[in-house]
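This report refers to the structure that appears directly beneath it.
From a predicted model like this one, the values you see are computed outputs, not experimental measurements. All residue numbers refer to positions in the sequence shown, counting from 1.
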Amino acid sequence: MKKICILLIFVLCLTGCYNDAYYWQFNYSHSEIKEIKIIEIVDEFEYQVVKDIDIDLAQDIYDDISKLKMRRYGTNLSSPSGKCFLIVFNTGEYDIISQKESKHFMFNGSSIEGYNSWLYFDKEEFTALIDKYLSQT
C-alpha cells in the first residue's frame, strides 16, 4: 500500500508540472524592437520570410503573445517549426515565437545561443494569432 501511495504522489507531481499555465516573457520592451517578421521554418538552420510586420504593431504583438497561455511539454526537446514570429531587438538578440519550443536567442560571449523554453501554445490559438497578422495589410 505504501508503494502505491508513493507512486500516486509521484504521478500527481509529475502531471501537475505539465498543467500549469505559463506566459511568454520578453527580455526587452517593445520599444527596443528592430524588426518583426512572420517566417516559415524550412529546417533547423533555414527559414523563409513570409511577411514583414510594421514596427508600429510591436506593442499589439507583445500584448497578443503575452496573453496566450503556454504549457510545458514532455521530455523530447523540440525545435521551432512552421510559421513563427521572428522578433529582432536592437541588440542583435532575437526571439522566435513558435507554436512549440519558442526560444530566446541571446549573446553568450562572442556568439548567440538559443535558450530552450520547453513550452508550447495551443495550436489553434497560435495559428489564429499568426493568421491575424498575416491578414493585415
I'd like to know if the side chain of [X] and the backbone of [Y] have a donor-acceptor N/O pair within less than 3.5 Å.
| X | Y | answer |
| --- | --- | --- |
| S78 | E101 | no |
| R72 | S117 | yes |
| D54 | L57 | no |
| E93 | H104 | no |
| H30 | D63 | no |

Legend entry - 4.5 Å side-chain heavy-atom contact, M106 and F89: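 No, their side chains stay 4.5 Å or more apart.
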
Legend entry - Validation row: F107, I112 side chains within 4.5 angstrom (heavy atoms):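 Sidechains of I112 and F107: in contact.
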
Inset, instruction - Describe, in one word, how the ring planes of Y62 and F26 are oriented to each other, choosing from parallel (under 30°), tilted (30 to 60°) and perpendicular (over 60°). - result: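 Parallel.
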
Inset, instruction - Fit a plane to each ring of F121 and F126, take the angle between them on a 0 to 90° scale, and name the class: parallel (under 30°), tilted (30 to 60°) or perpendicular (over 60°). - result: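 Because their plane-to-plane angle is under 30°, the rings of F121 and F126 count as parallel.
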
Nearest 0.5 Å, what's the [atom1]-[atom2] distance between [X] and [Y]?
| X | Y | atom1 | atom2 | value |
| --- | --- | --- | --- | --- |
| D20 | R71 | CG | CZ | 8.0 Å |
| I53 | I87 | CD1 | CD1 | 10.0 Å |
| I38 | L134 | CD1 | CG | 4.0 Å |
| F105 | L86 | CZ | CG | 9.0 Å |
| Q99 | S81 | CD | OG | 7.0 Å |
| I97 | S102 | CD1 | OG | 4.5 Å |

Single-linkage hydrophobic cluster [X]~[Y], side-chain heavy atoms < 4.5 angstrom:
| X | Y | result |
| --- | --- | --- |
| V88 | I61 | no |
| I55 | V49 | no |
| Y120 | L77 | yes |
| L129 | Y22 | yes |
| I33 | I39 | no |

Inset, instruction - Please name the residue in the list I130, D95, I96 that meets the side-chain contact (heavy atoms from CB on, under 4.5 Å) test with F85. - result: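 Result for side-chain contact (heavy atoms from CB on, under 4.5 Å) with F85: I130.
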
Inset, instruction - Answer yes or no: are there more than 12 heavy-atom neighbours, outside K103 itself, under 6.0 Å from its atom NZ? - result: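 Counting neighbours around NZ of K103, more than 12 heavy atoms of other residues, nucleotides or ligands fall under 6.0 Å, so yes.
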
Inset, instruction - List the atom of S98, the atom of C84, and the distance in Å for their closest heavy-atom pair. - result: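 Between these two residues, the closest heavy atoms are CB-SG, 3.3 Å.
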
